[in-house]
Amino acid sequence: MDSLLPGRREEARIVRGELRDQRFPLPAGVTDVTFDGARLVNVDFTGTRFRFFIAFGSAFDGCDFSGTAFEQLVMGGTYAAAHGKERDGATWPQTVFRDCAFRRTRFPDLTAFGNVRFERCTFDRSRLRLQTNTGRPNSSTAPSSAAYAR
């Protein structure tokens, strides 16, 4: 797990690389996480609270998000936090959630799905009403671009 500012305690983290077969290691005080080209396999997120969660060009295989609470959620981001620019529509990398569990997961009122694909995932007792937004988050529901670049 990498931070934009190594060695400093930050509220935001950028996750790259691969993580497998463990609980997600969210450091104390960290509430915002960006997954940028990450691959997570059998990672346990149960009961975790995120103020801001964005997945950009990442893959989640067999991960458990049961009881997880999201305040702001972008599941298939089209904004490259690490590069500080938005991609054009032809080169948006896709985020994939495969065989993941979302049981009693608390999604925010407006979840930005962007470029995301779900394969064989379970959404049991998760509130998904009014969750049809696949466009770009607007300024009233998403953090500013400065928040992405923290």
Side-chain angles (χ1 to χ4, degrees), residues 1-6 9-84 86-87 89 91-137 141-143 145 147-150:
M1 189 158 69
D2 295 330
S3 172
L4 283 174
L5 303 170
R9 188 171 180 179
E10 298 292 322
E11 289 184 12
R13 296 293 256 197
I14 292 188
V15 178
R16 296 183 182 94
E18 186 168 310
L19 185 65
R20 56 174 58 241
D21 302 318
Q22 63 181 288
R23 175 123 181 104
F24 183 69
L26 190 64
V30 173
T31 58
D32 298 4
V33 179
T34 298
F35 297 88
D36 187 356
R39 178 170 167 78
L40 292 94
V41 180
N42 298 321
V43 174
D44 180 7
F45 290 90
T46 58
T48 304
R49 293 186 171 283
F50 293 101
R51 187 179 71 83
F52 186 65
F53 179 107
I54 182 170
F56 174 80
S58 296
F60 297 81
D61 293 298
C63 295
D64 190 352
F65 292 90
S66 297
T68 299
F70 300 99
E71 288 182 33
Q72 295 181 359
L73 176 61
V74 180
M75 296 192 91
T78 57
Y79 182 86
H83 308 292
E86 186 168 2
R87 304 241 183 185
T91 60
W92 285 347
Q94 188 172 59
T95 294
V96 179
F97 291 85
R98 196 175 288 112
D99 299 310
C100 293
F102 297 90
R103 290 181 182 89
R104 296 182 185 221
T105 302
R106 286 196 272 173
F107 292 90
D109 290 339
L110 181 61
T111 297
F113 289 101
N115 193 15
V116 66
R117 186 173 76 235
F118 296 95
E119 297 177 1
R120 301 176 306 276
C121 293
T122 302
F123 293 86
D124 183 25
R125 298 183 187 187
S126 295
R127 185 180 171 135
L128 294 170
R129 291 188 183 128
L130 303 175
Q131 298 296 334
T132 58
N133 178 30
T134 58
R136 177 186 172 132
T141 61
S145 60
Y148 286 103
R150 281 201 284 176

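What you see is a predicted model, and the numbers here were worked out from it, not measured in a lab. For reference, positions follow the sequence shown, starting with 1. We use all heavy atoms of the structure for the numbers below, so side chains are in, but hydrogens, waters and symmetry mates are not.
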* Test item: Thr46 side-chain N/O and Phe65 main-chain N/O as donor-acceptor pair under 3.5 Å -> no

* Asked: Closest approach of Cys63 and Asn42, non-hydrogen atoms and distance?
  -> SG-N, 4.2 Å

* All pairs passing salt bridge (Lys or Arg N to Asp or Glu O under 4.0 Å) where residues 52-66 contributes a residue, at least two apart -> Arg39-Asp61, Asp61-Arg98

* **Side-chain donor/acceptor of Thr48 to backbone N/O of Phe45, under 3.5 Å** => yes

* **Heavy-atom pair with the smallest gap, counting every atom of Gly37 and Ser58** => N-OG, 3.2 Å

* **Passing option when Phe35 is tested against Phe50, Phe53, Phe97 for ring pair (Phe, Tyr, Trp, His ring centres under 6.0 Å)** => Phe53

* List in chain and number order the residues that pass salt bridge (Lys or Arg N to Asp or Glu O under 4.0 Å) with Arg125, two or more places apart in sequence or in another chain; answer none if no residue qualifies. => none

* To do: Could you tell me which residues satisfy salt bridge (Lys or Arg N to Asp or Glu O under 4.0 Å) with Arg103, sequence neighbours excluded, listed by chain and number?
  => none

* Asked: For Arg20, which residues count as a salt bridge (Lys or Arg N to Asp or Glu O under 4.0 Å) partner, sequence neighbours excluded?
  -> Glu18

* Asked: Short question: side chain of Thr95, backbone of Gly76 - any donor-acceptor pair under 3.5 Å?
  -> no

* Asked: Looking only at atom types and distance, does a side-chain atom of Thr105 sit under 3.5 Å from a main-chain N or O of Ser126, one as donor and one as acceptor?
  -> no

* To do: Identify the heavy atoms of Val43 and Leu19 that sit nearest to each other, and give their distance.
  => CG2-O, 3.5 Å

* Residues, nucleotides or ligands: over 12 heavy atoms within 6.0 Å of Arg23 CZ -> yes

* To do: Show the numbers, then the answer: is there a side chain to side chain contact (heavy atoms under 4.5 Å, CB included) between Phe52 and Val74?
  => CA-CA 8 Å; Phe52 186 65; Val74 180; 4.3 Å; yes

* **Residue pair Glu71 / Arg49, side-chain heavy-atom distance below 4.5 Å** => no

* Structure fact -> Applying side chain to side chain donor-acceptor pair (under 3.5 Å) to Gln22 and not counting sequence neighbours gives none

* To do: Give the intermediate values and the outcome of side chain to side chain contact (heavy atoms under 4.5 Å, CB included) for residues Phe107 and Met75.
  => CA-CA 11 Å; Phe107 292 90; Met75 296 192 91; 4.1 Å; yes

* Smallest separation among heavy atoms of Val15 and Phe24, with atom names -> CG2-CZ, 4.0 Å

* Can you see which heavy atom on Cys100 is nearest to which on Gly62, and at what distance? => SG-N, 4.0 Å

* To do: Find the distance between CG (Leu40) and CG (Asp21) and round it off to the nearest 0.5 Å.
  => 11.0 Å

* To do: Under the side chain to side chain contact (heavy atoms under 4.5 Å, CB included) rule, collect the residues that match up with Gln94, sequence neighbours excluded.
  => Val96, Asn115, Arg117

